[in-house]
Colleague: 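Sharing a structure here in structure tokens format.
Letters go in sequence order (proteins before strands), and every chain restarts at 1.
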Number of protein chains: 2
Amino acid sequence: MGKRQDIVAIAEDLFYRQGFGQTPFTDLAGAVGISRGNFYHHFKTKDDILAEVVTLRLEKSRSMIAGWEAQSADPADRICAYIRILLANQELIENFGCPLGSFANEMAKAQHPMTAGARQLFDLFHGWLAQQFTDMAAARPEYLAMRVLQFSQGAATMSNTYRDRNFISEEVARMCEWVRRQDRREE
Amino acid sequence: MGKRQDIVAIAEDLFYRQGFGQTPFTDLAGAVGISRGNFYHHFKTKDDILAEVVTLRLEKSRSMIAGWEAQSADPADRICAYIRILLANQELIENFGCPLGSFANEMAKAQHPMTAGARQLFDLFHGWLAQQFTDMAAARPEYLAMRVLQFSQGAATMSNTYRDRNFISEEVARMCEWVRRQDRREE
DNA sequence: GTCTATATGTAGATAGAC
DNA sequence: GTCTATCTACATATAGAC
């Protein structure tokens, strides 16, 4: 019945909401519905769970990207789909921040080896965004991809701090327009 | 000799570098040079230390603001001074992120009462930035202040994740130019 | 696979000697 | 004011019964 996958799926959610360091096995056990001791039948250490959580997030991120690619062939539309995560996941971001940014920061502060995994997640989106800008014939696609990441991280922190939905909506619209202005193709 | 203040000063630094929840008394004790048990002569609980740390940060922030005001009478210059924290504290931000944003996120995830204190810190800068934009006769000063906070939060996260100093320098310069373009005074 | 019991370490906090 | 010793709770992790 894939209990191991259940554990990883629930850990992904709890690590996001509470932070890795602030999520004891007790919480995981309660959510999964098994005893604490039983975790060690599936995983050797807590860090091993974290490693699989990062793998799961990478897979989920690739799925999201595949979804945006299936939904539109226009690179600007695709980038806007990424930006609109801020609206699609608004309540989660208000309560817990951006899963990428907050995780990367926790790993950095803990000087945890998974800092590299957090960066992989950023790289995945950065590479894909840069490809979309390349397809738009935009100048400096990698720089523009950084700009989009920077924007979404800043907006997520503002959302987490102020929960001002009017502001976020305006910013999402503004950024999507900005993306379209980068288009240098003959249309 | 103000040992109480020493504790708060060191706690402020360690809470920033490691996070509040990941900083045990052992670490504080080692850094201050007293024993663990002795903390309770000065503070009743760990949360009491955190409360004073937030107070200290508010004081330090007011001092920074006073410094920028003393250094220039031009509101655009002053806002740029704020933005240049990204360069002045570059190494710290690369290693530990923005003290405001990362603290606010940790408090939010822990559903800690000090979430309000974290927001106070943001409010302090937001109010001051909005005043500068007002002095520039800019349209929508509070919105523009949010834009500056959003930018600095995004840039700090990018700095923390990628440590790309060329990117951060370019962004600081770009944002300062943007600030000056908001000036609607007859000059 | 799952459990209980337990080992081991460490967290925050207290008591009382000096 | 500072210390050591200690308390209670809880963390990760292990061992071994079922």
Colleague: Starting at atom CZ of A:Phe25, determine the distance to atom P of D:dA9, rounded to an integer number of angstrom.
Modeller: 22 Å
Colleague: Has B:Arg36 got a side-chain atom pairing as donor or acceptor with B:Phe25's backbone, closer than 3.5 angstrom?
Modeller: no
Colleague: Only pairs under 3.5 Å count here: list side-chain donor-acceptor contacts from residues 98-106 of chain B, not counting sequence neighbours, and write none if there are none.
Modeller:
from	atom 1	to	atom 2	distance (Å)
B:Ser102	OG	A:Lys109	NZ	2.9
B:Ser102	OG	B:Cys98	O	2.7
B:Asn105	ND2	A:Phe96	O	3.0
B:Asn105	ND2	A:Asn160	OD1	3.2
B:Glu106	OE1	B:Phe20	N	3.0
B:Glu106	OE2	B:Phe20	N	3.2
B:Glu106	OE2	B:Gly21	N	2.8

Colleague: Which residue, A:Thr26 or A:Lys44, contacts DNA chain D at a nucleotide closer to its 5' end, judged by nearest heavy atom?
Modeller: A:Thr26
Colleague: Starting from C1' on D:dT2, measure out to CG on B:Leu28 and report it in whole angstrom.
Modeller: 17 Å
Colleague: Which of these, A:Ile79, A:Leu144, A:Val148, sits in a side chain to side chain contact (heavy atoms under 4.5 Å, CB included) with A:Gln182?
Modeller: A:Leu144
Colleague: Tell me the interatomic distance from A:Asp47, atom CG, to D:dA11, atom C1', rounded to whole angstroms.
Modeller: 14 Å
Colleague: What do the steps show when you test B:His112 against B:Leu50 for side chain to side chain contact (heavy atoms under 4.5 Å, CB included), and what is the final call?
Modeller: CA-CA 11 Å; B:His112 192 288; B:Leu50 181 62; 3.6 Å; yes
Colleague: Can you list, in residue-number order, the parts of residues 30-43 of chain B that come under 4.0 Å of DNA chain C, counting heavy atoms only?
Modeller: B:Gly37, B:Tyr40
Colleague: Axis-to-axis angle across the helix from C:dG1-D:dC18 to C:dC18-D:dG1, five pairs an end, to 10 degrees?
Modeller: 0°
Colleague: What pairs with A:Phe125 under ring pair (Phe, Tyr, Trp, His ring centres under 6.0 Å), at least two apart in sequence or on another chain?
Modeller: A:Tyr82
Colleague: Quick one: CD on A:Glu52 to CG on A:Asp47, what's the gap to the nearest 0.5 Å?
Modeller: 12.5 Å
Colleague: For residues 150-179 of chain A, which residue pairs qualify under ring-ring contact (aromatic ring centres under 6.0 Å, His included), counting only residues two or more places apart or in two chains?
Modeller: A:Phe167-B:Tyr143
Colleague: Measure from the side-chain heavy atoms of B:Lys3 and tell me the nearest of C:dA11, D:dT12, D:dT2.
Modeller: D:dT2
Colleague: Please work out which residues in residues 110-118 of chain A have a non-hydrogen atom less than 4.0 Å from an atom of DNA chain C and list them by number.
Modeller: none
Colleague: Using a distance-only test with no angle check, is there a side-chain donor-acceptor pair under 3.5 angstrom linking B:Asn166 and B:Glu170?
Modeller: no
Colleague: Would a distance-only check, ignoring hydrogens and angles, find a side-chain to backbone donor-acceptor pair under 3.5 Å from B:Asn95 to B:Glu91?
Modeller: yes
Colleague: CD of B:Gln22 versus C1' of C:dA11: gap in Å, rounded?
Modeller: 11 Å
Colleague: Does a side-chain N or O from B:Thr45 land closer than 4.0 Å to OP1 or OP2 of C:dG12, or not?
Modeller: no
Colleague: Whether the B:Thr23 and B:Gln18 side chains hold a donor-acceptor pair (N or O, under 3.5 Å, no angle test) is what I'd like checked.
Modeller: yes
Colleague: Between A:Gln153 and B:Gln153, does any side-chain donor sit less than 3.5 Å from a side-chain acceptor?
Modeller: no
